[in-house]
Amino acid sequence: MPDRRRWFQTTAIVYPNSRPHIGTAFEKLGADVQGRYRRMEGYEVFFLMGNDENTVKVSKRAAELGLEVQAYCDDMAKQFRQVWDALDIQYDTFVQTSEPRHHRCAQKFIQQVYDNGYIRKDAYEGWYCDGCEAFKSERELAGGKCPLHANLEPVRRSEPCYFFELSKFQDWLLEYYDENPEFIQPESRRNEIIQLIKTEGLQDVNITRRGEDWGIRLPFDPEFTIYVWFDALLTYITGIGYGADEAEFAKWWPCDMHFIGKDITRFHCALWPAMLKAAGIAPPRRVFGHGFVYKKNEETGVLERFSKSLGNVVEPMEIVTKFSSEAFRYYFLRECPFPSDGEFGWARFAEVFNADLANNLGNLYSRVVTLVTKNYDGVLDGTAGQKPRAIEGCTLPTTVDSVRAHIEACRYNQALEAIWRQVLDPANQYADKQAPWKLVKTDKDAAKAVLFDLLEPLRATCILLKPFLPRSAETIYTSFNFATPWADVSFADAAEAQPLNEDLRVLAQLDAGKVKPLFPRIG
RNA sequence: CGCGGCGUGGAGCAGUGGUAGCUCGCCAGGCUCAUAACCUGGAGGUCGUAGGUUCAAAUCCUGCCGCCGCAACCA
């Protein structure tokens with residue numbers, strides 16, 4: 001057991017050749033919930049994000065726009081961060097791979113791997129397209145021609161390069177997977193990778209490019225630059241001090257969770273641990289390959305991949321501006337299973353928002369506040385030191401345990417479902433059954449007790465929702481004088497009623513005795 | 001036989017051997033504190049298909065059909 005529980009997590013490093021879309025945001029969101037949850041649970045958390053800028057595509061894009069590459073990268077990084085900030089992604093560092101620090105540390109790393117004897121100079125031979133000025137794989141040349149330059153004949157070409165000897169790590173990797181069943185998550189992805197390696201095997205990979213101006217120089221042969229994958233993965237260690245601040249690096253490494261898209265599991269589950277092993281560094285603890293979000297075509301009902309050519313890209317800011325970051329967060333976390341695929345459609349978005357946020361949570365909050373305000377002037381006398389009675393169908397300790405388990409397995413949609421079905425629904429049912437608005441006319445104390453009971457599921461919900469909807473949960477929670485300060489709440493507090501030192505009262509700002517709707521219905 | 005995933009009431013999903021469940025939508029009723037919100041009840045499924053194993057299969061096995069991902073500006 002480490003003396004202090006710490007949690008280091010990362011999200012995939014993004015190519016900034018276009019602005020982030022919903023799918024990119026989905027990943028950041030899933031990681032954010034995990035990070036916020038771990039913080040609540042007392043972990044010291046470090047959340048690393050960044051942009052992958054040392055690629056030919058980026059320099060081309062900058063050239064198209066007539067910008068200096070660095071200026072272009074800095075501007076994109078700014079734009080990305082604006083989006084992440086708008087979505088309340090709570091990250092601790094944002095690495096740009098064009099930073100001098102990253103360059104230095106990456107060079108140190110590759111030198112180490114070279115010194116350890118896992119990089120060899122050889123010749124790369126393949127089909128080269130003069131139009132693209134790049135090598136093309138057999139697959140890309142299906143039909144014998146480059147799909148982008150059908151008028152040109154691909155030529156056989158050979159050129160010097162450096163190979164990373166990935167094949168040497170195949171057995172070690174399979175062993176590592178075997179000994180660490182949690183390494184690749186979810187399980188379906190793990191099976192996929194193991195199967196892939198067993199059937200196709202791992203080949204040595206060319207990790208250099210020649211004749212590029214933009215990128216990181218190979219320290220032992222400056223004619224070459226480091227190929228983007230080898231360089232990008234290093235962000236995960238250069239961002240926490242590798243090669244610069246060894247104490248800091250030792251504190252955070254190995255990584256507890258790399259969040260990545262399912263398309264790049266190979267790089268993170270095979271290449272990355274092998275690179276680290278080659279440099280004498282421990283492999284990461286877990287890699288989580290999340291699913292993709294597809295766009296539901298509102299007219300045809302067909303699911304499409306977000307793509308510029310289809311013109312169906314939805315930018316996160318569009319939703320945040322129209323609705324709110326909380327609405328954005330809720331939809332994707334509740335509606336799209338993180339471990340597998342999900343879909344986005346405007347109609348569905350409104351449906352989910354209205355049903356769960358407006359009608360259920362928002363309405364429960366507003367009916368309770370109104371009842372307490374109207375009938376008791378906002379103060380429930382005599383509730384100091386009291387404990388609420390349990391509501392039928394709502395066993396908080398059980399629910400808290402299952403929500404916890406779901407979050408730890410990144411099953412965010414199931415965590416949210418549990419909160420709604422096991423806490424909020426019973427609360428609304430209890431309200432209806434006890435009818436405190438009626439009871440208050442005959443037995444004011446009994447009605448008061450019912451309202452006091454109703455506040456408990458609301459309080460627990462806020463705590464459980466804190467990683468998911470940080471703003472709304474805070475607004476609701478701080479509408480009352482609950483005992484534990486918002487900044488200090490943990491899941492354990494949600495399971496057990498916390499007696500107050502003073503009578504319970506409504507602190508929310510009211511307009512004519514009513515709260516402003518937190519989630520105004522759409523439509 | 002490249003690898004992998006999916007096919008459950010109108011829509012979206014849960015359910016890995018033992019009376020088919022949830023959300024939305026729809027219909028009827030109740031309530032009126034609340035954001036025309038809330039609560040109760042109902043209609044609607046032979047769980048893609050054909051076989052097999054079993055006392056018992058949506059759930060295990062096999063064949064077939066259909067859809068999708070892994071290779072392309074794209075997470």
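Letters go in sequence order (proteins before strands), and every chain restarts at 1. Everything numeric here is computed off the predicted structure, so don't read it as measured data.
To the nearest 0.5 Å, the span separating OG1 on A/Thr370 from CG on A/Leu510 amounts to 8.0 Å. Atom CG of A/Leu233 and atom CD1 of A/Ile13 lie 8.5 Å apart (nearest 0.5 Å).
At most 12 heavy atoms of other shown residues, nucleotides or ligands fall within 6.0 angstrom of atom CG in A/Asp377. Around CZ of A/Arg266, the count of heavy atoms belonging to other residues, nucleotides or ligands within 6.0 Å does not exceed 12.
Within 4.0 Å of A/Leu371, counting heavy atoms only, lies at least one base atom of the nucleic acid. No contact: A/Ile22 has no heavy atom under 4.0 Å from any strand. Counting any heavy atom pair closer than 4.0 Å across all strands shown, A/Asp263 reaches sugar-phosphate atoms only and no base atom. Using a 4.0 Å heavy-atom cutoff across all strands shown, A/Val293 reaches at least one base atom of the nucleic acid. Using a 4.0 Å heavy-atom cutoff across all strands shown, A/Tyr365 reaches no nucleic acid atom at all.
Ion pairing of A/Arg36 with A/Asp32 is present here, as a side-chain N (NZ or NE/NH1/NH2) and a carboxylate O approach within less than 4.0 Å. Salt-bridge annotation for A/Arg329 and A/Asp88: absent, with no side-chain N of the basic residue lying under 4.0 Å from a carboxylate O of the acidic one. Taking a cutoff of 4.0 Å between a charged side-chain nitrogen and a carboxylate oxygen, A/Lys262 and A/Asp341 qualify as a salt bridge.
For B/rC38, neither phosphate oxygen OP1 nor OP2 lies less than 4.0 angstrom from any side-chain nitrogen or oxygen of A/Lys433. In this structure, A/Gln429 does not reach the B/rC38 phosphate: none of its side-chain N or O atoms is under 4.0 Å from OP1 or OP2. Considering only side-chain N and O atoms, A/Arg367 lies nowhere under 4.0 angstrom from the phosphate OP1 or OP2 of B/rC38. OP1 and OP2 of B/rA34 both lie 4.0 Å or more from every side-chain N or O belonging to A/Ser366. OP1 or OP2 of B/rU35 has at least one side-chain nitrogen or oxygen of A/Lys514 nearer than 4.0 Å. Here A/Asn17 reaches the OP1 or OP2 of B/rC74: one of its side-chain N or O atoms lies under 4.0 Å away.
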(request) Using a 3.5 Å limit on both pairing distances, list the dot-bracket string of RNA chain B from the 5' end; Watson-Crick and G-U wobble pairs count, crossing pairs take [ ], interstrand pairs take |. (result) .(((((((.[[[[.)..(..]]]].(((((.......))))).....[[[[[..)....]]]]])))))).....
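Each of B/rU35, B/rC33, B/rA75 was ranked by its minimum atom distance to the side chain of A/Asp432; first place goes to B/rC33. Listed nucleotides: B/rU35, B/rC74, B/rU40. Nearest to the side chain of A/Lys57: B/rC74. Of the candidates B/rC31, B/rC39, B/rU35, the closest approach to any side-chain atom of A/Arg521 belongs to B/rU35. When the nucleotides B/rA75, B/rC24, B/rC33 are ranked by their closest atom to the side chain of A/Ala355, B/rC24 comes out on top.
The aromatic rings of A/Phe47 and A/Tyr91 stand perpendicular to each other, their planes meeting at an angle above 60°, with 30° marking the opposite boundary. Using cut-offs of 30° and 60° on the angle between ring planes, the pair A/Tyr331 and A/Phe344 is perpendicular. By the 30° and 60° cut-offs, the orientation of the rings of A/Tyr412 relative to A/Phe338 is tilted.
Side-chain contact of A/Tyr72 with A/Glu53: a donor-acceptor pair under 3.5 Å is absent, judged by distance alone.
To the nearest angstrom, P of B/rA36 lies 8 Å from CG of A/Asn363.
The separation of B/rC60 from B/rC24, taken at their C1' atoms, amounts to 33 Å, rounded to a whole angstrom.
In this structure, A/Lys322 is not positioned above the aromatic face of A/Phe328 in the sense of NZ or CZ being under 6.0 Å from the six-membered ring centre and within 45° of the axis.
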(request) May I have the step-by-step check of side-chain hydrogen bond (donor to acceptor under 3.5 Å, both in side chains) for A/Asp503 and A/Asn481, ending in yes or no? (result) CA-CA 8 Å; A/Asp503 291 335; A/Asn481 60 337; over 6 Å; no
Atom pairs under 3.5 Å, N or O on each side, protein against nucleotides 6-17 of chain B: can you list them with distances?
none

Pick out the pairs of N or O atoms, protein on one side and nucleotides 20-22 of chain B on the other, that lie under 3.5 Å.
none

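Projected onto RNA chain B by closest heavy-atom contact, A/Tyr15 and A/Leu364 fall at different nucleotides, the more 5' of which corresponds to A/Leu364.
If you check distances only, the side chain of A/His290 never reaches the base of B/rA75 with a donor-acceptor pair under 3.5 Å. For a distance-only test at 3.5 Å, the side chain of A/Asn359 fails to qualify as a donor-acceptor partner of the base of B/rA37.
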